[in-house]
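Have a look at the structure below before the remarks.
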Amino acid sequence: MERDYKLKLYSKRLKSGRCQIKFFVTSSSQPRLYGYLLAESGSTLREVVSTIEHEVRFIEEGDSYYHSHLYNLAARHKRKDPILIFNN
């Protein structure tokens, strides 16, 4: 992923000890994205940013990201850190 984007993060600690992270990605090459990531309490900022960058890069590479669960329920991809991404 090129570094021509801005990433804003907001975090909230949950009673479970995990952190809910709301993020906004703005870039000149794609529409604005926002999303939520559920991170473990011991996760570092670098790990959180890396996870978000990986998912955004996956979206840029193709449109198979959206509703992939509809194509093959048996081959569901389990994520370590649950993440949701939306177009704004």
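Numbers for residues simply follow the sequence, beginning at 1.
Minimum heavy-atom separation, Arg13 to Ser41: NH1-CB, 3.7 Å. Residue Gln20 comes nearest to Leu14 through the heavy atom pair OE1-CD2, 4.1 Å, listed as atom of the first residue, atom of the second, then distance.
For Thr44, the side-chain contact (heavy atoms from CB on, under 4.5 Å) criterion is met by Arg46, Glu47, not counting sequence neighbours. With sequence neighbours excluded, the residues forming a side-chain contact (heavy atoms from CB on, under 4.5 Å) with Leu9 are Leu7, Ile21, Phe23, Leu45, Val49, Ile52, listed by chain and number. For Lys8, the side-chain contact (heavy atoms from CB on, under 4.5 Å) criterion is met by Tyr10, Phe24, not counting sequence neighbours. Residues satisfying the ring pair (Phe, Tyr, Trp, His ring centres under 6.0 Å) criterion with Tyr34, sequence neighbours excluded, are Phe86.
Rounding to the nearest 0.5 Å gives a distance of 10.0 Å between CG of Leu84 and CD of Glu55. The NZ atom of Lys22 sits 13.0 Å away from the OG atom of Ser11 when rounded to the nearest 0.5 Å.
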